[in-house]
Amino acid sequence: MRNLTIKRTKSFVGCLMKMKLYIEDAAAGEMTINGVPCRKIGELKNGEEKTFVIDEKEARLFVIADKVSAGYCNDCYTIPAGDTDVCLSGKNQFNPANGNAFRFDGVTDAQALQNRKRGTMRGLIVLIVAVVVGALAGWAISSGSLTSAKNVPKDFYAEGMHITLTSNFSETEDENFDAVFESRRVAVLCVKDPFDLYEGFENYTLAQYGNMVLRNNDFDASVQLQNEDGLTYFNYQYTDPDSGNSYVYFVVTYKAPDGFWLVHFVTAEDDFSQYLSSIMNWAKSVEFVNE
């Protein structure tokens with residue numbers, strides 16, 4: 001037998017979720033992840049380090065958020081056979097397309113990297129399908145009422161946050177976000193980081209918080225925090241390597257009375273210029289109240 005030590009580096013991304021650890025086990029598998037029978041060996045909180053006893057056989061180790069999203073929100077590391085203790089580290093990285101999945105540090109294995117690509121593609125499909133289904137449901141409801149108006153201002157509320165979007169949006173639920181509002185072309189994904197997560201967190205400025213988010217999530221150097229029209233934000237483009245579809249994430253940071261917020265406005269790259277003015281107006285409508 002040997003020791004497997006895993007450190008989950010502290011990160012603002014997914015900080016409220018415990019990550020579940022599953023190891024390959026054909027004989028005593030509790031669930032199947034990407035076709036591999038696995039059993040659960042433990043959980044990791046944000047910033048936590050734990051040691052587990054494993055056998056000397058080669059085995060694949062998976063880190064997931066939950067069973068529902070395990071097909072796309074996961075990372076895999078192949079532990080080689082041997083009797084030497086194994087030490088691994090990693091953290092959750094910002095990418096709503098894959099549910100802000102955990103990522104092991106220093107992975108170069110081609111199979112593991114391909115697994116990440118597949119996971120991101122599946123996550124994008126889930127997000128896009130959710131947007132389309134939500135839009136169609138909203139259209140069906142509005143079309144059944146002669147008094148309903150299309151694309152008029154509509155207020156939404158969540159966890160003390162208020163945002164004015166339009167009647168084309170509908171609210172839905174996703175356990176990876178504190179609030180989700182969707183239209184046919186734009187998704188608004190909201191994440192709250194309460195002040196009680198870290199000592200002294202409430203003393204951070206908005207710029208310090210925004211730059212920490214960028215620094216902790218390994219964005220390309222071209223992604224910079226910007227200030228315009230009273231908004232502090234960053235944006236980046238993501239292109240799915242398999243489908244070739246490109247998306248723009250316009251991420252605005254806010255400081256509320258009880259925590260920081262990241263509000264992501266997501267749309268297809270081809271639609272971004274058309275919706276940018278609306279996104280800026282929606283972002284400027286955000287207000288917070290103590291509940």
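Sequential numbering from 1 along the given sequence is applied to the chain's residues. Here the structure is a predicted model, which means the values were calculated and not measured.
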D271 bridged to R185 by N-O distance under 4.0 Å: yes
Shortest non-hydrogen separation from D105 to G90 and the atoms involved: OD2-N, 3.5 Å
T253 versus T232, side-chain donor and acceptor atoms under 3.5 Å: no
Pair N92-R8, side-chain donor/acceptor within less than 3.5 Å: yes
Donor-acceptor under 3.5 Å (D55 side chain, K57 main chain): yes
Heavy-atom side-chain proximity of K20 to K40 below 4.5 angstrom: yes
Salt-bridge criterion met for D258 and K192 (N-O under 4.0 Å): yes
Side-chain donor-acceptor pair present, Y247, E269, cut-off under 3.5 Å: no
Greater than 12 external heavy atoms within 6.0 Å of K18's NZ: no
Rounded distance [0.5 Å steps], CG in L61 versus SG in C38: 8.5 Å
Side-chain heavy-atom pair F52, L21 within 4.5 angstrom cut-off: yes
Validation row, ring centre F288 to ring centre Y254 under 6.0 Å: yes
Close side-chain approach of V263 and M161, heavy atoms under 4.5 Å: yes
Student check: side-chain heavy atoms of Y77 and V107 closer than 4.5 Å: yes
Residue pair N168 / R184, side-chain heavy-atom distance below 4.5 Å: no
Spacing of R60 atom CZ and N34 atom CG [to the nearest 0.5 Å]: 9.0 Å
S167 OG to D155 CG distance, which is reported to the nearest 0.5 Å: 11.5 Å
Aromatic plane relationship, F234 with Y236 - under 30° parallel, 30 to 60° tilted, over 60° perpendicular: parallel
Spatial distance of atom NZ (K154) from atom OG1 (T166) [nearest 0.5 Å]: 9.0 Å
Heavy-atom closest pair, residues P37 and A26: CG-CA, 3.8 Å
Ring centres under 6.0 angstrom apart (F260, F195): yes
Interatomic distance, K7 atom NZ to T5 atom OG1 [nearest 0.5 angstrom]: 11.5 Å
Contacts of Y22 that satisfy ring pair (Phe, Tyr, Trp, His ring centres under 6.0 Å) - sequence neighbours left out: none
Check: H162 ring centroid to Y157 ring centroid under 6.0 Å: yes
Side-chain heavy atoms of T172 within contact of F181, under 4.5 Å: no
Test side chain to side chain contact (heavy atoms under 4.5 Å, CB included) applied to I54 and I79, step by step: CA-CA 10 Å; I54 61 173; I79 301 172; 4.1 Å; yes
Main-chain N/O of Q208 paired with T205 side-chain donor or acceptor, under 3.5 Å: yes
Value rounded to 0.5 Å, distance of CG in N227 from CG in L206: 7.5 Å
V251/N235 under side chain to side chain contact (heavy atoms under 4.5 Å, CB included): CA gap, chis, key distance, verdict: CA-CA 6 Å; V251 186; N235 62 74; over 6 Å; no
Parallel, tilted or perpendicular, as decided by the 30° and 60° cut-offs, for the rings of W282 and F169: perpendicular
Donor-acceptor contact present, side-chain D75 to main-chain F104, <3.5 Å: yes
Check against side chain to side chain contact (heavy atoms under 4.5 Å, CB included), E171 and V180: CA-CA 6 Å; E171 185 173 3; V180 177; over 6 Å; no
Any side-chain heavy-atom pair of N74 and V63 under 4.5 Å: no
Closest non-hydrogen atom pair, L225 against A207: CD2-O, 3.7 Å
Distance-only polar pair, side chains of T51 and N3, donor-acceptor under 3.5 Å: no
R2 with D85: basic N within carboxylate O range, under 4.0 Å: no
Smallest separation among heavy atoms of V252 and F265, with atom names: CG2-CE1, 3.9 Å
Shortest non-hydrogen contact between F250 and M280, atoms and distance: CZ-SD, 3.4 Å
Closest non-hydrogen atom pair, W261 against C190: CZ3-CB, 3.8 Å
K284, NZ: over 12 other non-hydrogen atoms inside 6.0 angstrom: yes
E56 side chain near M1 side chain, heavy-atom distance below 4.5 Å: no
Sidechain-backbone polar pair: H264 side chain, L189 backbone, donor-acceptor under 3.5 Å: yes
Residues V186, V266; criterion side chain to side chain contact (heavy atoms under 4.5 Å, CB included); working and verdict: CA-CA 6 Å; V186 182; V266 187; over 6 Å; no
